[in-house]
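Before any comments, here is the structure.
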Amino acid sequence: MPEGPSIIILRELAQELKLEGKKVISAEGNTKIDLERLKGQKLVAFKSWGKHFLICFQDFTIRIHLLMFGSYRFNERKDSPVRLRLSFKGAELNFYTCSVKLLEGNIEDHYNWGGDIMSDEWDAKAAAKKLKSIPDTLVCDALLDQDIFAGVGNIIKNEVLYRVAVDPHSKVGDLPPAKTKQLIKEAQQYSFDFLKWKKENTLKSHWLIHTKKKCPEEHTVHKAYLGNTKRRSFFSTKCQNLYE
DNA sequence: AAGGATGTTGCCTG
DNA sequence: TCAGGCAACATCCT
């Protein structure tokens, strides 16, 4: 469920609850963090960075990572054990099967927003610089590197590589500079397309290559677990070898 | 209807 | 020593 765009949706839903300035009435759940810290704390803001959802208080921030199976419900409950429940006057946030971490101090000291593909502050030039420093890395691994493209996940990886006609086996350093630039641009563009389609519930119908048997050109789609990350790659060797 | 996946961490091994 | 393997998490889709 959760690549960067899905976390934007989560953040927007939280922001719609208008809880900024309200105090935590109670905190429960089977998370290992100290729940006592949360009680009585005044919510400052909801933020996000890549796949991280951030609940910011005065002196610390709760970081939620949904990993592969995480889920959440606002103002309703699931049957399964809750990992973290935050109750405010008139609203309740429930998180399940997720990673919960407490980050001390000012959130600005923990994150560089320019690394988040979905951020207004996304820094494409910085991404280009990072890619330049790892020429032997496969592009399929580079796109999943959260230190370069925070928020990009496996679906985005596959769709971006198809759209820019780059084979996932390519080494970063073998791409012509214009192609690298296009790759970075498309990572951002497709992430926002993903967001729009996810909101419309039409994400899957827009997949060109991910989980497909045939690409839009009717070529065979290959499936392989590539690179250090060994995540599923779907690709058409006929469409994706163009380094012009 | 069993098997795998939109993800990451951390332990174990060689 | 450190990179790779792999389990864990527990749900939903095919």
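Residue numbers start from 1 in every chain, and the chains themselves are labelled A, B, ... in the order their sequence lines are given, proteins ahead of strands. Values below: all heavy atoms of this structure, side chains included; hydrogens, waters and symmetry mates excluded.
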Q.
Going by ring-ring contact (aromatic ring centres under 6.0 Å, His included), name the pairs with one or both residues in residues 12-45 of chain A, residues two or more places apart or in two chains.
A. none
Q) Stems in DNA chain B: runs of 3 or more consecutive Watson-Crick or G-U pairs, distances under 3.5 Å? A) B:2-5 with C:11-14, B:7-14 with C:2-9
**Q.** For A:F149 against A:A127, the heavy-atom pair lying closest together
**A.** CE2-CB, 4.5 Å
Q) Listed by chain and number, what are the salt bridge (charged side-chain N to carboxylate O under 4.0 Å, His left out) partners of A:K204, not counting sequence neighbours? A) none
**Q.** Set of ring pair (Phe, Tyr, Trp, His ring centres under 6.0 Å) partners for A:H206, sequence neighbours left out
**A.** A:W197
Q. Which other residues belong to the hydrophobic cluster containing A:Y96, where Ile, Leu, Val, Met, Phe, Trp and Tyr are joined when side-chain heavy atoms lie under 4.5 Å apart, directly or via other members?
A. A:V82
(Q) Tell me the interatomic distance from A:I156, atom CD1, to B:dG7, atom C1', rounded to whole angstroms. (A) 13 Å
Could you go through nucleotides 8-14 of chain B and list every protein N or O atom that sits under 3.5 Å from one of its N or O atoms, giving the distance for each pair?
unit_1	atom_1	unit_2	atom_2	d
B:dT8	OP1	A:H65	NE2	3.4
B:dT8	OP2	A:K51	NZ	3.3

(Q) Distance check needed: B:dA5 P versus A:I155 CD1, whole Å only. (A) 12 Å
Q: Indicate, with a heavy-atom threshold strictly under 4.0 Å, whether A:K204 touches base, sugar-phosphate, or nothing.
A: sugar-phosphate
Q.
Under the salt bridge (charged side-chain N to carboxylate O under 4.0 Å, His left out) definition, can you give me all pairs with a residue in residues 22-47 of chain A, not counting sequence neighbours?
A. A:E28-A:R85, A:R37-A:E104
Q. Starting at the 5' end of DNA chain C, which residue's closest nucleotide do you reach first, A:N228 or A:S80?
A. A:N228
Q. If you measure from the C1' atom in B:dT6 to the same atom in C:dG5, how many Å do you get, rounded?
A. 22 Å
Q.
Other residues, nucleotides and ligands only: do more than 12 of their heavy atoms fall within 6.0 Å of CD on A:Q58?
A. no
Q: Using the C1' atom on both, measure B:dA1 against C:dC9 and round to a whole Å.
A: 22 Å
Q: Just grab all the salt bridge (charged side-chain N to carboxylate O under 4.0 Å, His left out) pairs involving residues 50-63 of chain A, residues at least two apart or on different chains.
A: none
Q: Would you mind telling me which residue lines up with the more 5' stretch of DNA chain C, A:K230 or A:R83, judged by nearest nucleotide?
A: A:K230
**Q.** Atom-to-atom span, CG of A:N154 to P of B:dG4 - whole angstrom
**A.** 16 Å
Q: Return the set of residues passing ring pair (Phe, Tyr, Trp, His ring centres under 6.0 Å) with A:H65 (not counting sequence neighbours), or none when no residue passes.
A: A:H52
Q. Of all nucleotides in DNA chain C with an atom under 4.0 Å from a non-hydrogen atom of chain A, which is the first and which the last going 5' to 3'?
A. C:dG5 to C:dT14
Q: Would you kindly give the CD1-to-P distance between A:I64 and B:dG7, to the nearest whole Å?
A: 18 Å
**Q.** By ring pair (Phe, Tyr, Trp, His ring centres under 6.0 Å) - contacts of A:F74 (at least two apart)
**A.** A:Y72
Q. Taking the same atom, P, in B:dT9 and in C:dT1, what whole-Å distance lies between them?
A. 23 Å
Q: Provide the full list of ring-ring contact (aromatic ring centres under 6.0 Å, His included) pairs with a residue in residues 169-191 of chain A, sequence neighbours left out, each pair given once.
A: A:H169-A:F235
Q) Using a cut-off of 4.0 Å on non-hydrogen atoms, how would the nucleic acid contact of A:S99 be classed: base, sugar-phosphate, or nothing? A) nothing
